[in-house]
Each structure stands twice: as structure tokens, then as C-alpha cells.
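The next block holds one structure in the form of C-alpha cells; read it before the comments.
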Amino acid sequence: ALVIIAVVVAAFSLANRDSQNNADSEQAKVNSTFVLKVGNDLQSAVNRAIADGADPANINTQIVFTGASNATNLNLFDTTLRYLTEPNFPATALADSTDPVVYGWETPVGVTGVGGTGAEQIINFNNVAEDVCVRINNAVNGTLVTAPPPGTFAAAIGLSPAWREGCVGSAGAFSYFRVVVTDAV
């Protein structure tokens, strides 16, 4: 009887652990979908800014993410311009829920297989949780969910085929990136 009780308790324990792992995996999938939607929203906002007259070749210096918009800078999150509302990330999507998400630009660079020979404008933001980063790469680049993200942006665009969207980093510092303008420079 004791052996049977021990087996039943062990089975419940294993089932509970599997349920937690499944829940964590599902949470990472949901969060990766949120991050990818933010990337898509950033793309749409950049497209609208270009349609309104922003110069694609200088978009990485014209578009900012903090401060007021003025004659030379356009803040995508400026509430009066309404290009984009700053996203409110779920804490489980972030590597550190107490750190802010910081948006920025990669140095324009040609990404093999994207557009022609010009350099691409690439937007990024940090503080993405590792499990979310892995799921992003799985969704957009077909990597295995057991594969670690490339360590750097340069490594991601150096892959074959080069990534135009994804997540990179290591040691708790992961960032999402997306090509938003091709052949801009």
C-alpha cells in the first residue's frame, strides 16, 4: 500500500511539474506574439512617418523615442502626433520587469537578401526575456526552441539566410530587432 501511495504521489508531482512547464511555454508563446505585434506596430508607424515626409535615408536620426517632437526630431510615441502609443509590456515578457524597455536603431547596414545593395534601417528594443526571445526566433526564423539566440545583431544578419527580424543576446540581455526600411542608405 505504501508503494502504491508513493507511486501516486510521484505521478501527481510529475504531472504538476509538466503542467508548470507547459504553462511557462504557453506564456512565452503569448509574450513572443505580443513582442512581434509591437515590432509590426513600429513598422507601421515608421511607414506612416515616411508617408508624412520623413526621409528614409535619415530615419534613424529623425525618429526618436523620448522627448518632444520638433522640427528635426519626430517622437513615434508623441501623443499629439498619434503614430504609436508606447506599448505596456507584460512583466513576463521582460527580462527585468523593473527596467524600462529602451528603443533605438542599429547602425544602417546592408542585410544580405533584403532589397538591393543599399543599407537597411533597423529598429530595436531591449529587455526581452530569454524564453520570449527564443520563441520569437522560432516563430519568424524557424529556429528550434532549444536553440540559443545569436549573441549579436551582426551574427543574426550573418546567418544564411540573413535575418530581417529576430531576437539576439546572451546572459539575460536580449533585444528584439526588425528591418523597417530597405535600401534606405
Side-chain angles (χ1 to χ4, degrees), residues 26-52 54 56 59-66 74-79 81-97 99-115 119-143 145 147-159 161-170 172-185:
E26 289 303 313
Q27 185 67 55
K29 285 181 192 176
V30 168
N31 287 331
S32 68
T33 300
F34 180 86
V35 170
L36 290 170
K37 181 182 181 322
V38 169
N40 194 43
D41 291 347
L42 286 166
Q43 173 76 66
S44 295
V46 167
N47 290 348
R48 286 182 34 235
I50 291 170
D52 287 348
I59 202 101
N60 63 322
T61 58
Q62 290 178 340
I63 289 183
V64 297
F65 305 99
T66 60
L74 179 126
N75 181 347
L76 277 189
F77 302 133
D78 187 328
T79 56
L81 297 177
R82 299 182 186 210
Y83 283 104
L84 183 62
T85 301
E86 188 166 1
N88 187 11
F89 285 83
T92 52
L94 303 174
D96 184 343
S97 62
D99 282 347
V101 173
V102 178
Y103 300 84
W105 294 93
E106 297 289 340
T107 301
V109 63
V111 179
T112 305
V114 177
E120 278 63 60
Q121 298 281 14
I122 302 149
I123 207 163
N124 65 42
F125 56 84
N126 71 337
N127 200 16
V128 177
E130 182 175 12
D131 59 344
V132 175
C133 189
V134 167
R135 290 293 177 172
I136 289 167
N137 292 339
N138 173 256
V140 297
N141 296 304
T143 62
V145 294
T152 63
F153 168 71
I157 66 165
L159 295 170
W163 291 8
R164 60 180 300 133
E165 178 179 29
C167 191
V168 298
S170 62
F174 297 93
S175 298
Y176 167 85
F177 73 91
R178 180 178 178 136
V179 171
V180 292
V181 182
T182 57
D183 295 335
V185 182

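Computed from a predicted structure; not experimentally measured.
- Exactly one residue among Ile63, Val64, Ile122 makes a side chain to side chain contact (heavy atoms under 4.5 Å, CB included) with Trp105. That residue is Ile63.
- The closest donor-acceptor contact from the side chain of Asn137 to the backbone of Cys167 lies under 3.5 Å.
- Between Asp131 and Arg135 no salt bridge is recorded (no basic side-chain N to carboxylate O distance below 4.0 Å).
- Counting only distance, with no hydrogens or angles, the side chain of Glu106 and the backbone of Asn124 share no donor-acceptor pair below 3.5 Å.
- Ring geometry, Phe77 versus Tyr103: the interplanar angle exceeds 60°, so the pair is classed perpendicular (tilted spans 30 to 60°).
- Here the shortest heavy-atom pairing between Val168 and Cys133 reads N-SG, 3.9 Å.
- Between the side chain of Asn126 and the backbone N or O of Val102 there is at least one donor-acceptor pair closer than 3.5 Å.
- Put simply, the side chain of Asn141 gets close to the backbone of Glu165: a donor and an acceptor are under 3.5 Å apart.
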Apply side-chain contact (heavy atoms from CB on, under 4.5 Å) to residues Asp99 and Leu94 and explain how you reach the verdict.
CA-CA 8 Å; Asp99 282 347; Leu94 303 174; over 6 Å; no

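- At least one side-chain heavy atom of Phe153 sits under 4.5 Å from a side-chain heavy atom of Val109.
- Once rounded to the nearest 0.5 Å, the distance linking CG of Leu84 with CG of Asp78 reads 11.5 Å.
- The distance from atom CG of Asp41 to atom CG of Leu76, rounded to the nearest 0.5 Å, is 11.0 Å.
- When all heavy atoms are compared, the tightest approach of Gly166 to Val140 is CA-CG2, 4.2 Å.
- Pro56 and Gln121 make their closest contact through O-NE2, 3.1 Å (heavy atoms, listed as atom of the first residue, atom of the second, distance).
- A 6.0 Å sphere centred on CG of Asn88 holds no more than 12 heavy atoms belonging to other residues, nucleotides or ligands.
- A donor-acceptor contact shorter than 3.5 Å links the side chain of Glu120 to the backbone of Asp183.
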Test Asn40 against Leu36 for side-chain contact (heavy atoms from CB on, under 4.5 Å), laying out the working first.
CA-CA 6 Å; Asn40 194 43; Leu36 290 170; over 6 Å; no

Checking Leu42 against Phe125 for the side-chain contact (heavy atoms from CB on, under 4.5 Å) test, could you report, in this order, the C-alpha distance in whole Å, the side-chain angles of both residues, the deciding distance, and whether it holds?
CA-CA 11 Å; Leu42 286 166; Phe125 56 84; 3.9 Å; yes

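- With Asn31 contributing its side chain and Thr92 its backbone, the two residues share a donor-acceptor pair below 3.5 Å.
- At least one donor-acceptor pair closer than 3.5 Å links the side chain of Gln43 to the backbone N or O of Val180.
- Closest heavy-atom contact between Ala119 and Pro108: CB-C, 3.9 Å.
- Expressed to the nearest 0.5 Å, how far CG of Asp52 lies from CG of Asn47 amounts to 11.0 Å.
- The minimum heavy-atom distance linking Phe174 with Pro149 is given by the pair CE2-CG, 3.8 Å.
- Note that CG of Asn75 and OH of Tyr83 are 11.0 Å apart. Values are rounded to the nearest 0.5 Å.
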Evaluate side-chain contact (heavy atoms from CB on, under 4.5 Å) for Ile123 paired with Phe65, printing each intermediate quantity in order.
CA-CA 11 Å; Ile123 207 163; Phe65 305 99; 3.5 Å; yes

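- Minimum heavy-atom separation, Val134 to Thr143: O-OG1, 4.3 Å.
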